[in-house]
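This report refers to the structure that appears directly beneath it.
By convention in this document, chain letters (A, B, ...) are assigned in the order of the sequence lines, proteins followed by strands, and residues within each chain are numbered from 1.
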2 protein chains.
Amino acid sequence: MEKKIKLDDVARLAGVSKATASRVLNHRGYLSQKTIDKVHQAMEDLNYRPNAIARQLYKQETMLVGLIFPTINNPYFAQLEAALEKCLYNEGYRAVMGNSENNAKKEENYLQLLLDRQLDGLIVGAHNPEIPAYHKTSLPIVSIERVVSNQVPVVSADNYEGGRLATQRLLDDGCQHIIHTNYPGGFASPNQARESAYRDLMSQNDRPAIVYQVPFDEPEDQKLVRIRKIFEEHPEVDGIFADNDTNARLALTAATEAGRRCPEDIKIIGFDGADMTRLLLPELTTIQQPIQEMAEAAVELLKEKIAGEPAVQYRTLPVKLVEGTTA
Amino acid sequence: MEKKIKLDDVARLAGVSKATASRVLNHRGYLSQKTIDKVHQAMEDLNYRPNAIARQLYKQETMLVGLIFPTINNPYFAQLEAALEKCLYNEGYRAVMGNSENNAKKEENYLQLLLDRQLDGLIVGAHNPEIPAYHKTSLPIVSIERVVSNQVPVVSADNYEGGRLATQRLLDDGCQHIIHTNYPGGFASPNQARESAYRDLMSQNDRPAIVYQVPFDEPEDQKLVRIRKIFEEHPEVDGIFADNDTNARLALTAATEAGRRCPEDIKIIGFDGADMTRLLLPELTTIQQPIQEMAEAAVELLKEKIAGEPAVQYRTLPVKLVEGTTA
DNA sequence: CTGAAAGCGCTAACAA
DNA sequence: TTGTTAGCGCTTTCAG
C-alpha cells in the first residue's frame, strides 16, 4: 500500500472536522453543499477509501455470511451455493465458503468465525451432531436439509414426496424388483425421508424393500464397487431409485457392465436434478430439487434471524420429476 | 447474543489488567503460571470469545481472500475453487466467494472489498478489462488463466500444449476434417493458446482451420443451437476439438441428433477434465488441467504478494490427455 | 512479571 | 450546519 489515507487526512485537507467528513461519507445529517463538495474533492485528491474493519468494529457487523457444506465440488452443492451467493449478494451480504469435507474440526472452525463475530450469520448444509455450539439458542443460523437443533430453522425439499414420485414412477413402469441406494446415518439426513417414502410404497405394493448403503464421502470408485454388488446379489433387479444423481450415474455404469440395457432391462431414477447433471447426463430421469427457491428461502429466514426475529420454522419446497430416458 | 463479554470483563474477574489478559490470550510475553490459570478460568466461566474485528482493526488484516470467478456452478470452477479454499484454509485464510457472472459491476464490487481492506488478497479467474483498479501496482492479487495487468502474477495450465495434444490425437485418429469450438474475445483468455495450437497443427498438416464461436455465458440451449450448425454447415466434419468439456458434451448431443455415432463416425475431445465431468461423462476423451497444482501455485504466489515480495511471475503447469471412448 | 495508557479508523451523541 | 468527545474491543509500547 501507499501510505494509508484516513478520514482525518481527508478532513484536514477539506478544512473540516472528522465528524463532518464522516457525515458526507455516509450521507447523514445536514450538510451544506459547499462542504459536501469540499470533502468529496479531498477524498478524490487523496484517493481515499474507508476502512471497512473500523466501520465494522463500531457497527458490530461484517455483512459476511458463512456457507457450511460438505464440498462445493458436486453438482448439487455447487448450484446451491451459487444461488445462495447471489441471493446474499443482493441483500448486501458476501459469502464465505466453508467446505467442511465432513471434517468436524473444520466445520467447528467455521462456526467459530460466527462466534467470534467475523460472520453475521451461517447457512449450514452439513452437520456434525457432535458440535455443541449449534445449540446455543438465538445464533443466526439457518439450515438446509439438516436438522441441526430445535433452534435452527430448516429449509428443505419435499424429500418424502420426491421418494414417492420416484418409486411410484418405477412401479408404474412395471418394475418388479426395485432397489434403493442411500447412505447410512439415521438421524436427520434429508435422505431418510426419501427412503421412508420408498419403503412405504414398496410395502403398500407388497414388495420387499432393499436398501444398499453408499456412504457419502467415500471415493467414487469405492461407491461403484458397492453398487456393482447390487447386480451380483440381486440379478433380478429391474429398477433402481438412487438417493442422488451421481449414484444413479454409477448404477448406470454398473448396469452396463453387467450387460443390462437401460431402460429396456433396467430403469434408473436419480435425485437432485442439478443443472450440471442435466447438462452432462441429460438422459437421466431424476427428481429435481427446487434449488433456487431453497436458496431464496434460506436467505430470507437468515435475514429474519439476524434481525432478531424469533421465527423457528420449517420450510418445505416442492420437488418435481424431470424426464430423461432412463425410466 | 447474551451480553457480550469482553476482555475487560475477563480481566476484572481474574483480578488482572486487560493487558495481562490479552497476553495470556495470545501466549505472548512472560506470564506466571498462576495468572495464566486464573485468566483461563475466568474465560471459561464467562464463556469468553475474542472479538475478531477488534483484533483485525489493530492488525490491519482479516485473513480473508476473495475468489473472483465467473460462476461456481460449473465443473471446472467448482473443483478449482474447492481446491483453492482448501489450500487457503491450510494457510489460515478463509475464502470469500465472488461469482462475477461476467458482470463488471459485481466484479468491481468484490475488488472494492480488497481496496477497503476487508480482504487481504484476491485470486481472480475472471476479468473485465474495463476495470482500472487492477492496475494499481502492488495490490495482493494473483490471477488464474487470465492476464489482468503486468503487475499480477498468472498461474496457468499449458494451454498451447493442451491444444496440441488434442489436435494431434484427432489427426492420429485419422480425422480429415477437424473443427474447433472456442469463444470470442481475443485478448488474454486461456482459450486463445488452445486455438493457436489447433491452428498451427492444422496448417502444418495442410488442413483448413475452422473455428466455431460459442460465447461462454450464453445459456446452454443457445450454445447447442450454434454447435448444431457445425453438422449442417460442415457435414464432412469427422473430428471436434471443443474448448471445454460442456461444449464437448453438446457436440456429442448434436452429433447424435445428426445421426453420427461417436467414435465411429466422429471423434470428440474436450478440455478441462474436472472430476465431476469425469464422473458424469466418463466416456469423454479430454485434456485434463492440473487443477490441484494450479490452486497450490496460486495460493503460494498470493502469500508472497501479501508478504510484500515483488515476484511478478508466470507459472505454467502441464496438462495431460485422459482417455475416454470419444476419441 | 504486570499495569497504565495510547491508538487501530470510524461513528454518533451531545453541544455549539 | 458543524465540531468535540467518547467509545467499538483489542494489542502493544513503556514504565514499574
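As rounded to whole Å, 18 Å separates atom P of C:dA15 from atom OH of A:Tyr30. Distance A:Arg12 CZ to D:dG3 P: 14 Å, rounded to the nearest Å.
For the pair B:Ile306/B:Glu61, no side-chain contact is recorded, criterion being any heavy-atom separation below 4.5 Å from C-beta on. By the 4.5 Å heavy-atom criterion applied to side chains, A:Tyr183 and A:Asp217 are not counted as neighbours. The closest side-chain heavy-atom distance from B:Gln118 to A:Ile53 is not below 4.5 Å.
Note on ring orientation: taking the six-membered ring where Trp is involved, the planes of A:Phe216 and A:Phe77 are perpendicular (angle over 60°, cut-offs 30° and 60°).
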With sugar-phosphate taken as primed atoms, P, OP1 and OP2 and all else as base, the protein-contact string of nucleotides 8-16 of chain D at under 4.0 Å (heavy atoms; B, S, -) is BBBBBB---
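For the OP1/OP2 pair of D:dT2 and a distance below 4.0 Å, the side-chain nitrogens and oxygens of A:Ser32 include at least one atom meeting the criterion.
A:Arg315 contributes no side-chain N or O that, together with a main-chain N or O of A:Leu301, makes up a donor-acceptor pair within less than 3.5 Å.
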